[in-house]
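We count residues from 1, following the sequence as given. Just so you know, these numbers come straight off a predicted model, no measurement behind them.
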Amino acid sequence: MRAIEIRNKYLNFFKAHGHSIIPSSPLIPENDPSVLFTTAGMQPLVPYLLGEEHPAGTRLTDYQKCLRTNDIDEVGDNRHLTYFEMLGNWSLGDYFKEESIKMSFEFLTKELGIPAEKLSVTCFDGNEQLPKDELSASIWEKEGIPRERIYFLKDNWWIAGETGPCGPDTEMFYDTGKPKCSPECNPDCDCGKYVEIWNNVFMEFFKKEDGTLETLKQHNVDTGLGLERMAMLLQGKETPFDTEIFKPVMDKLQELQQEDLIESRRIIAEHLRSSIMVISDGGRPSNLDRGYVLRRLIRRMIRHMNKIGINLNELGNLIDINVEALKELYPDLEKNKEQIKTVIIEEKDKFVKTLDKGEREFYKDINKLKQEGKDLVPGEIVFRLYDTYGFPPEVTRDLSQENGMKISMEEFDKLFKEHQAKSRAGAEQKFKGGLASTGEQETKYHTATHLLNAALKQVLGSHVHQRGSNITAERMRFDFSHDSKMTDEEKKQTEDLVNKWIEDAIPVEKLEMKKDEAIAMGAEAMFIEKYGDIVTVYKIGDVSLELCGGPHVENTKELGHFKIKKEESSSSGVRRIKAILE
Ligand code: SER
């Protein structure tokens, strides 16, 4: 069964069971600077899991584009992916364990045709805070999974980050039929006998900063099924790289390569797909946060192309092949293809220069070492070349050896691990922050964003549309389409308008309506196709009407005084304003 068929079956199955199909959120979370990428289907739904009413109801299903880069260095083996698609269904205070497990079992066995004998499941084993989840186990047993294939594990608990909605989960595993690696072998084991396919989280708690659990006002179900993995299993393949999602690119790489290294081919194919998906959703390489993740993906891909001797001029061709393989799943890719190519090829050109520069720096360093009579390149130099110039450590190693020098890769590894631990801690911090509820100050900035958008339209013209926004408790940033630098006069007029609306004390109303109706009323929306049929619209008097998930203040008078701090270019045809509320 092809991936697209699995996705369609999934969505249709849950639709038939009363779920509304909602669209995938972008890979780059909107209005949420504190999260790098969307990492799970539940992420955009956090406010609803916490009790806010979802306009599409209490039963939802979707496919969600996800990127997880914690294990980026593992890519190349037979299973790790950075980008993946998560199919999910949610109960927002609607059904709970029984119905959730029954539907999962029915979907796996009837819709996908997986024999029940191939399934094993795990349930929460309990801890100091909560009892063992006997209920889930007994439901599985009733459905037809015998006790010996129901395992209780301490790890069956799911939370995104450190705090937020969470709960015990029950996980489903596909038994590949390989022999147990030991008598203790269970679904928790990494030997490859069991492959995790689906996770149903019974999200009835909220974990607070101090580690205690609070019972949510509603019991939710949050599930996630990995599409690539399911496609692999149903097609009887050993790795996701053998499915139709990756195969065309993998075959092309095999044809082009000078050296036969499967890990490198997988890294290239995997990182190419992730880069395409990130760029298509608006990501651009840079040295910061999201941009840096994308930069790493592209550069790692290029290093491996060099490693197995693939001409970098083949990139355009490889992008064509990959988009062709993916466009059925993601029709937008076809439309964004030329842009994707431009971004990847520009980054490749930059990286080629980096490699040249790094090589020159390398020779400066080793000539100095040689003059000092040393024959060892310390890890510190390897790290500095890597950290400052982006020069790949393995290239430093090869060059050192070619130049008759020894090299301390252990020392480099140590420095690298320290650096990684720091950035990982940073990324986790960010994810955690993103799931925390929106604070009072951020809420004000959300509303100020709508006013600014409306003011810019009046001052500069109706061609102004929002291109992005980023809010922290300290300031707002707003990107919009406009070709030239704003004059001081235009900035002043914009500020004055926003401040006038604040002084006018206009109520902010939250409305729900059909998407078509909102469009007919002229509501602003950044990605109209991203919204479901019923949308939430915020109306600020006759000043502004925008599709938005909120939250917002109740009256503009709460905002204080609005001030533009900076107006600058963001990218071609897009300007950026940084502003504060005082
Ligand atoms: N949030 C859970 C996961 O990511 C289930 O969707 O596995």
Side-chain angles (χ1 to χ4, degrees), residues 3 69 71-84 192 228-229 231-232 235-279 285 293-327 329 333 337 340-356 358-359 362 386 390-402 409:
T69 53
D71 291 335
I72 186 170
D73 294 316
E74 309 285 336
V75 175
D77 67 4
N78 58 8
R79 63 192 176 99
H80 278 94
L81 299 176
T82 55
Y83 173 84
F84 66 101
E228 291 79 358
R229 210 177 262 183
M232 162 187 108
Q235 293 171 24
K237 307 288 188 201
E238 285 280 318
T239 82
F241 299 100
D242 301 308
T243 65
E244 80 282 7
I245 297 172
F246 288 107
K247 185 102 188 357
V249 173
M250 290 295 283
D251 286 350
K252 186 70 188 175
L253 292 173
Q254 190 148 24
E255 181 193 315
L256 294 172
Q257 71 187 7
Q258 312 285 325
E259 197 181 333
D260 183 12
L261 281 177
I262 180 114
E263 290 79 15
S264 290
R265 287 203 299 282
R266 286 175 184 161
I267 291 171
I268 298 165
E270 205 284 334
H271 290 4
L272 181 64
R273 182 176 76 135
S274 301
S275 305
I276 288 175
M277 296 305 297
V278 172
I279 297 167
V293 172
L294 175 60
R295 171 156 285 167
R296 256 185 96 191
L297 286 166
I298 299 177
R299 293 190 166 191
R300 195 150 179 262
M301 163 179 86
I302 289 169
R303 259 162 46 207
H304 283 273
M305 287 177 74
N306 283 338
K307 187 167 174 185
I308 60 174
I310 295 179
N311 191 325
L312 300 181
N313 292 331
E314 292 289 343
L315 264 175
N317 200 1
L318 289 168
I319 295 168
D320 283 336
I321 296 172
N322 210 348
V323 167
E324 189 60 34
L326 296 172
K327 71 177 190 202
L329 286 167
L333 294 182
K337 191 165 85 174
I340 293 169
K341 275 191 192 169
T342 309
V343 173
I344 294 184
I345 291 171
E346 270 176 16
E347 181 64 16
K348 180 260 298 176
D349 292 339
K350 265 195 209 146
F351 189 46
V352 168
K353 284 203 196 103
T354 301
L355 288 175
D356 290 346
E359 199 166 323
F362 167 82
Y386 168 77
F391 198 59
E394 58 274 18
V395 181
T396 309
R397 186 192 54 210
D398 293 350
L399 282 177
S400 302
Q401 282 159 359
E402 281 165 27
M409 292 309 275

At their closest point, which heavy atom of A269 faces which heavy atom of F246, and how far apart are they?
-> O-CE2, 3.8 Å
Quick one: pull up NE2 in H80 and CD in E74 and give me the separation to the nearest 0.5 Å.
-> 5.0 Å
Does a side-chain heavy-atom distance below 4.5 Å link R299 with E347?
-> yes
Passes salt bridge (Lys or Arg N to Asp or Glu O under 4.0 Å), R266 versus D77? Steps please.
-> CA-CA 8 Å; R266 286 175 184 161; D77 67 4; 5.9 Å; no
For D251 and K247, run side-chain contact (heavy atoms from CB on, under 4.5 Å): C-alpha distance rounded to whole Å, both residues' side-chain angles, the deciding distance at 0.1 Å, then the answer.
-> CA-CA 6 Å; D251 286 350; K247 185 102 188 357; 3.1 Å; yes
Tell me, do R295 and K350 make a side-chain contact under 4.5 Å, heavy atoms counted?
-> yes
Do N322 and L333 come close enough that some side-chain heavy atom pair is under 4.5 Å?
-> no
Between F362 and T396, is any pair of side-chain heavy atoms under 4.5 Å apart?
-> yes
Distance col, row L272:CG vs H304:NE2, nearest 0.5 angstrom, shows 14.0 Å
Within a strict 4.5 Å, meaning less than it, do heavy atoms of the T342 and E346 side chains meet?
-> yes
Mind running side-chain contact (heavy atoms from CB on, under 4.5 Å) on M250 and I321 for me, showing each step along the way?
-> CA-CA 10 Å; M250 290 295 283; I321 296 172; over 6 Å; no
Any chance you could lay out the side-chain contact (heavy atoms from CB on, under 4.5 Å) test for F241 and L81, step after step, and finish with the verdict?
-> CA-CA 10 Å; F241 299 100; L81 299 176; 3.9 Å; yes
Would you check if there is a donor-acceptor pair between the side chains of E314 and N311 at a distance under 3.5 Å?
-> no
Kindly indicate whether the side chain of E270, heavy atoms from C-beta on, has any atom under 4.5 Å from the side chain of T82.
-> yes
